[in-house]
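First comes the structure, then the notes that go with it.
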2 protein chains.
Amino acid sequence: MKRINIADVAQKAGVSPTAVSFAFNKPEQLNSETVNRIRMTAIEMGYMPNPMARALIAQRSGIIGVMLPQPLSTVLANPYFHTFLQGISSMCDEQALSLMTLSPMNGSLDQAIARSPVDGFIIVGYNEAHHEVSLLRKRGIQYVLVDGDATCAPSVNIDDEQGAYLAAKYLIDKGHRDILILMLDTAFGHADEELHGVAMRRMRGYRRAFDEVGVVWRDEWVLPSVSSMIGGQQNFDAAYEQGLRPTALLAAADAIAIGAIQAAIRRGMKVPQDLEIIGYDDSVLASLVQPGLSTVHQPIFEKGRVALELLIGEWENAATRITDVSAKQVWLPTHLVLRGTTT
Amino acid sequence: MKRINIADVAQKAGVSPTAVSFAFNKPEQLNSETVNRIRMTAIEMGYMPNPMARALIAQRSGIIGVMLPQPLSTVLANPYFHTFLQGISSMCDEQALSLMTLSPMNGSLDQAIARSPVDGFIIVGYNEAHHEVSLLRKRGIQYVLVDGDATCAPSVNIDDEQGAYLAAKYLIDKGHRDILILMLDTAFGHADEELHGVAMRRMRGYRRAFDEVGVVWRDEWVLPSVSSMIGGQQNFDAAYEQGLRPTALLAAADAIAIGAIQAAIRRGMKVPQDLEIIGYDDSVLASLVQPGLSTVHQPIFEKGRVALELLIGEWENAATRITDVSAKQVWLPTHLVLRGTTT
DNA sequence: ATGAAAGCGCTAACAA
DNA sequence: TTGTTAGCGCTTTCAT
């Protein structure tokens, strides 16, 4: 089925392709009668300008790409990303931009990037040093890094270290010494270096609190976990079967914490009486579960908004040729939120 | 900053643009030495083929568009869509497709559609009769309808009516007569006709159970609610202040049910002792809240997968010129899941 | 007020 | 094995 193009419409309406183009983009340049006739014909024939051709000429598609560290289906299972994407979208809605998500296809992002007709990227969970990222840089494509280390490009991060410190400090001050830590597995160099920065910063924060008070840091008490409820369950169970008997738990993500709670309850423990727990992120789930999850709050929604704001700022910089020395690094604050999983 | 194009690379590498193109797309057609030289030069110059130009020629972008009934930020606040989008993405991941979301911009989808370089649409919550949808049809763009009435195009729906019937029947059989119904507001013709089909089908299901047993259906006991926790809270409160004293509650969406539960508890009621509640959708929240929400289960994830499968099927049909008479209407089953909000 | 023609960046017949 | 050439569908000067 051949798609109708501008020439078809022009011919049927008895005008030139230029006229048809004007009828859609600059109607004021044309006799309003002609505009009407052309519009009529177009509708009748089911014509609509081809978006790809338009984008090719304009060198701009109105689409922003969000590069994610995991397959999309995994990401969408994570409440953190829900809120983050909401933040981006709220800005998209305002700016009439469309949002496209890209995840590693067959383990690599190359494919995905090469095919994405986007005006810029928001890159989540990769450091600037990452291979694909440096390619973008070289190609002169605008991007903003989120949850990743950056120096040359704008970035949005939170104060992971401080948040982690506060959480650990709280439990230690309450007298806990046998604290199980379920850490993001990305801190262990398993998966690429995704989130490497974030995971390491949180680890350092926990550690700082331990060191400061002189509590022994035992590596066997730190387990890498995928960032999901299942991950939390499995690793809590694993710890228990290894003989660990924690009185408190630090989880580097809320989902992990919630999974661990379920596992603990299943083993007959009472939360928070037998086990105090502090998660990380303050995702929507934290206030929904029973008991409410004590956690480190980070402004997730705002993070998304700010990321897109920075990206838009980049476009404007490029347009007005202001030098790129700016490269803003935004650091958003974190704080402790106490709910029902701590006493 | 001028972007490097194929000609620049060709010149620098001392070959023709064709050679460069081949080096990227059909390396086997070229002397491997030449390929290497070209690749080197390309990397050095930071060159990457322009995705828009590619898509223009191929008449195919590898992107599928998901048309949503509400602004993206609203949609992402809804657990139903999380799971649905996960279903689509799981298929995307497998097929190396990218996913782009479009929401009404400034109240209309025209803008968004006109700018979307997609290979096809998954349209959620609109009927085939909807203006924008019929435009697509005319333009010859492939699409699949989800949660909407269709005859000419493929569609995926669930058995809304039966699910609603089961829920209402259950409560009625337990002896309840004062049943508050928090219905999707889209059943009331407020917002366009979005979800019109779905909302009406659920309404009919509830009604059928009432009629069958001869329970009086009172329109004042049916309140339109936006599909969110806030909506559920507000409408439960509104009902209460109107003097309604329900002993049971049917909510046409889980989010509504959960909001209503919170409102009820705040008024000192015990769930399920004072108020039995059945939601709709069985979204992830339903099993997370305390007490667990009894609800009508629908296979949300699968719905997303099937939708994309149908779309891909359309492409293949078009390619092999099989006539389009097929237009599969898929109906997925629903069933009742009892948890803690019923006795 | 309207049209002819050049080109956005790329691919793919067809030649050489 | 490599290059020439003609578009993909559209926008946009520059003429008329």
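Order of the sequence lines fixes the chain letters, A, B, ..., with proteins taken first and strands second; residue numbering starts at 1 for each chain.
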- request: Give a yes or no on whether a salt bridge exists between A/Arg39 and A/Glu44, defined as a side-chain N under 4.0 angstrom from a carboxylate O.
  value: no
statement: Of B/Gln59 and B/Leu30, the one whose nearest nucleotide on DNA chain D sits closer to the 5' end is B/Leu30
task: Output the single nucleotide from D/dG9, C/dC10, D/dT1 whose closest atom is nearest the side chain of A/Leu56.
output: D/dG9
Distance, rounded to the nearest Å, where [X] contributes [atom1] and [N] contributes [atom2]:
| X | N | atom1 | atom2 | value |
| --- | --- | --- | --- | --- |
| A/Ile38 | C/dA1 | CD1 | P | 13 Å |
| B/Lys26 | C/dC10 | NZ | P | 16 Å |
| A/Ile6 | C/dT2 | CD1 | C1' | 14 Å |
| A/Asn50 | D/dG9 | CG | C1' | 6 Å |
| B/Asn5 | C/dG9 | CG | C1' | 6 Å |
| A/Glu33 | C/dA1 | CD | P | 12 Å |
| B/Ile4 | C/dG9 | CD1 | C1' | 13 Å |
| A/Arg115 | C/dC10 | CZ | P | 17 Å |

query: Of all of residues 14-25 of chain B, which get a heavy atom below 4.0 angstrom from DNA chain D, listed by number?
result: B/Val15, B/Ser16, B/Thr18, B/Ala19
- prompt: Just by modelled atom types, is the A/Ile63 backbone N or O under 3.5 Å from a matching donor or acceptor in the A/Ser61 side chain?
  reply: yes
task: Classify the side-chain pair A/Asn31/A/Arg37 by whether it contains a donor and acceptor separated by less than 3.5 Å.
output: no
- request: Would you please say whether a donor-acceptor pair under 3.5 Å links the side chains of A/Ser134 and A/Glu128?
  value: no
field: Check: A/Lys12 and A/Tyr47 side chains under 4.5 Å, non-hydrogen atoms
entry: no
query: How about B/Ile64 and B/Cys92: do any of their side-chain heavy atoms sit closer than 4.5 Å?
result: yes
- request: Looking at every strand, decide which applies to A/Gln29 at a 4.0 Å heavy-atom threshold: base, sugar-phosphate, or nothing.
  value: base
field: Minimal non-hydrogen separation, B/Leu97 against A/Arg115, with atom names
entry: CA-NH2, 3.9 Å
field: C/dT11 phosphate, OP1 or OP2, under 4.0 Å from B/Arg54 side-chain N/O
entry: yes
